[in-house]
Engineer: 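After the structure tokens below, expect a handful of questions from me.
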Amino acid sequence: MNILDKIITDKKREVEIKKNIIPVSQLEASVLFNSRTYSMSKLLKNSVSGIIAEHKRRSPSKAVINNNHSVEDVVLGYQNAGVCGISVLTDAKYFGGSLDDFLLAKASANIPLLRKEFIVEEYQILEAKAHGADVILLIAAVLTQKEIKQLSEFAQSLGLEVLLEVHNLEELEKSIMPSLDMIGVNNRNLKTFEVSLDYSKELATKIPEEFVKVSESGISSIEAVKELQQLGYQGFLMGELFMKTENPGLEAKQFIQKLMA
């Protein structure tokens with residue numbers, strides 16, 4: 001069993017436990033459930049930088065990245081840097097995140113927030129909505145075509161945007177459907193955690209133009225972003241490059257300033 005299989009097995013068990021403790025009615029009664037949402041896809045279309053900055057404490061491949069900063073400081077720093085959106089990890093076991101992190105991010109920023117999670121059920125989308133999310137992530141590698149359709153349509157019915165993540169052509173071809181807003185190419189193989197920008201480059205021309213193209217993971221230079229922009233990518237999800245520094249917000253600000261220079 002690879003790491004992705006382990007994560008999904010644990011996630012399904014976790015969701016079942018949560019469903020027995022917090023009913024759907026309680027999620028729907030949240031003060032944030034009917035809050036205004038912000039469109040990440042529109043911001044990316046009109047942005048020069050397209051940076052989506054991530055709050056991530058640790059990962060299975062890197063262990064601890066940064067445990068020293070509060071969510072509020074990181075999120076405010078990112079917003080002040082001029083990012084188009086912020087991705088917040090909410091998986092506890094493997095990434096050290098939580099929905100409490102997401103609530104703190106929501107209270108600290110007024111730009112689009114993406115719940116970065118391994119979503120396998122509609123319940124998790126209701127959780128995202130109840131905690132003030134604007135965007136959810138669906139990962140093609142762990143979902144069937146039917147599940148992608150069901151979950152993406154459900155998310156959009158709640159006013160949430162959908163970022164669908166793929167890693168190869170097979171995943172992309174099974175996933176293309178009208179209920180997606182953005183298609184992201186993960187440059188990290190979730191089964192081996194090997195990273196290469198070639199994944200984004202190879203799939204660039206295969207993603208239909210009606211979707212905002214996002215490149216995720218392994219982006220560490222201005223040159224890489226500019227090269228991917230030439231291939232039609234408008235969004236760049238970056239976490240570790242910023243989070244591993246003493247001041248993630250400042251690092252993001254300086255990166256964006258150099259990118260736009």
Side-chain angles (χ1 to χ4, degrees), residues 15 18 22 24-47 49-56 71-72 74-91 97-139 143 147-165 175 177-184 210-214 216 234-239 252:
V15 172
K18 280 187 170 184
I22 304 173
V24 168
S25 59
Q26 187 171 328
L27 295 175
E28 292 175 335
S30 162
V31 294
L32 291 173
F33 197 83
N34 293 310
S35 61
R36 174 191 173 189
T37 55
Y38 298 92
S39 172
M40 185 181 288
S41 63
K42 286 180 182 176
L43 279 179
L44 292 176
K45 286 176 184 176
N46 296 306
S47 171
S49 73
I51 302 299
I52 305 165
E54 190 159 82
H55 179 272
K56 179 165 64 174
V71 177
E72 305 96 294
V74 172
V75 167
L76 273 174
Y78 282 158
Q79 178 168 282
N80 293 336
V83 302
C84 291
I86 299 172
S87 167
V88 181
L89 267 295
T90 61
D91 175 79
S98 70
L99 281 167
D100 282 344
D101 285 346
F102 204 94
L103 276 179
L104 290 170
K106 182 67 176 178
S108 306
N110 56 6
I111 57 175
L113 295 179
L114 162 70
R115 182 186 185 189
K116 187 80 172 289
E117 181 58 271
F118 297 86
I119 290 179
V120 292
E121 281 200 35
E122 289 183 358
Y123 182 85
Q124 293 163 287
I125 299 175
L126 289 169
E127 279 186 325
K129 181 67 174 169
H131 287 77
D134 302 287
V135 190
I136 60 147
L137 178 76
L138 296 179
I139 302 173
L143 299 168
E147 288 170 334
I148 293 168
K149 183 175 187 296
Q150 172 197 345
L151 294 171
S152 60
E153 288 179 351
F154 183 67
Q156 287 196 337
S157 76
L158 295 175
L160 299 171
E161 288 193 326
V162 179
L163 170 61
L164 187 284
E165 176 181 299
S175 303
M177 57 188 72
S179 48
L180 308 176
D181 300 282
M182 297 160 278
I183 294 181
E210 62 260 35
F211 302 108
V212 174
K213 300 178 188 177
V214 179
E216 307 171 18
Q234 294 174 292
F236 308 93
L237 200 159
M238 303 172 62

Engineer: For the side chain of Lys106 and the backbone of Gly132, is there at least one donor-acceptor N/O pair under 3.5 Å apart?
Structural biologist: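 Yes, the answer is positive, given that a donor and an acceptor are paired below the 3.5 Å cut-off.
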Engineer: I want to check something: taking the side chain as every heavy atom from C-beta on, are Ser152 and Leu138 in contact at a cut-off of under 4.5 Å?
Structural biologist: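 Yes, their side chains come closer than 4.5 Å.
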Engineer: Can you give each donor-acceptor pair under 3.5 Å made by side-chain atoms of residues 26-34, sequence neighbours left out, with the distance rounded to 0.1 Å?
Structural biologist:
from, atom 1, to, atom 2, distance (Å)
Ser30, OG, Leu32, N, 3.1
Ser30, OG, Ala130, O, 2.7

Engineer: Which residues pass the side chain to side chain donor-acceptor pair (under 3.5 Å) test with Glu216, sequence neighbours left out?
Structural biologist: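 Applying side chain to side chain donor-acceptor pair (under 3.5 Å) to Glu216 gives none.
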Engineer: Mind listing the closest non-hydrogen atom pair of Ala105 and Val75 along with its distance?
Structural biologist: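 Smallest heavy-atom distance, with atoms named: CB-CG2, 3.7 Å.
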Engineer: Could you tell me whether the side chain of Asp134 and the main chain of Ser39 form a donor-acceptor pair under 3.5 Å?
Structural biologist: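 No, Asp134 side chain to Ser39 backbone: no donor-acceptor pair under 3.5 Å.
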Engineer: Please enumerate all residues that pass side chain to side chain donor-acceptor pair (under 3.5 Å) together with Lys45, with sequence neighbours excluded.
Structural biologist: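 Residues passing side chain to side chain donor-acceptor pair (under 3.5 Å) with Lys45: none at all.
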Engineer: Evaluate the side-chain contact (heavy atoms from CB on, under 4.5 Å) criterion for residues Lys18 and Glu127: first the C-alpha distance (whole Å), next the side-chain angles of each, then the deciding distance (0.1 Å), finally the verdict.
Structural biologist: CA-CA 10 Å; Lys18 280 187 170 184; Glu127 279 186 325; 3.2 Å; yes
Engineer: Got Leu237 and Leu114 here, is their nearest side-chain heavy-atom distance under 4.5 Å?
Structural biologist: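 Yes, side chains in contact.
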Engineer: Which atom pair, heavy atoms only, marks the closest approach of Ala133 to Leu160?
Structural biologist: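 Taking Ala133 first and Leu160 second, the nearest heavy atoms are O-CD2, 3.1 Å.
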Engineer: Identify all side-chain donor-acceptor contacts of residues 76-83 below 3.5 Å with residues at least two apart in sequence or on another chain.
Structural biologist:
from, atom 1, to, atom 2, distance (Å)
Tyr78, OH, Glu54, O, 2.8
Gln79, OE1, Asn110, N, 2.7
Gln79, NE2, Asn110, OD1, 3.4
Asn80, ND2, Leu76, O, 3.2

Engineer: Could you state the interatomic distance from CD (Glu165) to CE (Met182), rounded to the nearest 0.5 Å?
Structural biologist: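 If we round to the nearest 0.5 Å, Glu165:CD and Met182:CE are 12.5 Å apart.
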Engineer: Spell out, as yes or no, whether a donor-acceptor pair under 3.5 Å connects the side chain of Ser47 to the backbone of Leu44.
Structural biologist: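 Flag not set: sc Ser47 to bb Leu44 has no pair under 3.5 Å.
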Engineer: If you take all heavy atoms of Ser175 and Ile148, which pair is closest and at what distance?
Structural biologist: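 Looking at all heavy atoms of both residues, the shortest contact is OG-CD1, 3.5 Å.
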Engineer: If you take all heavy atoms of Leu89 and Asp101, which pair is closest and at what distance?
Structural biologist: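 Looking at all heavy atoms of both residues, the shortest contact is O-OD2, 4.4 Å.
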Engineer: Donor-acceptor pair, distance only, cut-off 3.5 Å: does the side chain of Glu161 make one with the backbone of Ser41?
Structural biologist: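 Yes, Glu161 side chain to Ser41 backbone: donor-acceptor pair under 3.5 Å.
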Engineer: Test of understanding: with side chain to side chain contact (heavy atoms under 4.5 Å, CB included), list the residues that count as partners of Lys149, not counting sequence neighbours.
Structural biologist: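 Scan of Lys149 (side chain to side chain contact (heavy atoms under 4.5 Å, CB included), adjacent residues dropped) gives Glu153, Met177.
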Engineer: Treating Gln156 as the side-chain partner and Ser179 as the backbone partner, does any N or O pair qualify as donor plus acceptor under 3.5 Å?
Structural biologist: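 Side chain of Gln156 to backbone of Ser179, a donor-acceptor pair under 3.5 Å: yes, one is there.
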Engineer: Just do the side-chain contact (heavy atoms from CB on, under 4.5 Å) check on Leu126 and Leu158 with the steps written out, would you?
Structural biologist: CA-CA 8 Å; Leu126 289 169; Leu158 295 175; 4.0 Å; yes
Engineer: Please list all pairs passing the ring-ring contact (aromatic ring centres under 6.0 Å, His included) test where one or both residues lie in residues 106-125, with sequence neighbours left out.
Structural biologist: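 Applying ring-ring contact (aromatic ring centres under 6.0 Å, His included) to every pair that reaches into residues 106-125, excluding sequence neighbours, yields Phe95-Phe118.
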Engineer: I need the minimum non-hydrogen distance between Ile86 and Ala109, along with the two atoms involved.
Structural biologist: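 It is CD1-CB, 4.5 Å.
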Engineer: Taking Arg115 for its side chain and Phe102 for its backbone only, find out whether a donor-acceptor pair lies under 3.5 Å.
Structural biologist: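 No; judged by distance alone, with no hydrogens or angles, the pair does not exist.
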Engineer: How many angstroms lie between atom CG of Leu43 and atom CD1 of Ile111, to the nearest 0.5 angstrom?
Structural biologist: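 Answer rounded to 0.5 Å: 8.0 Å.
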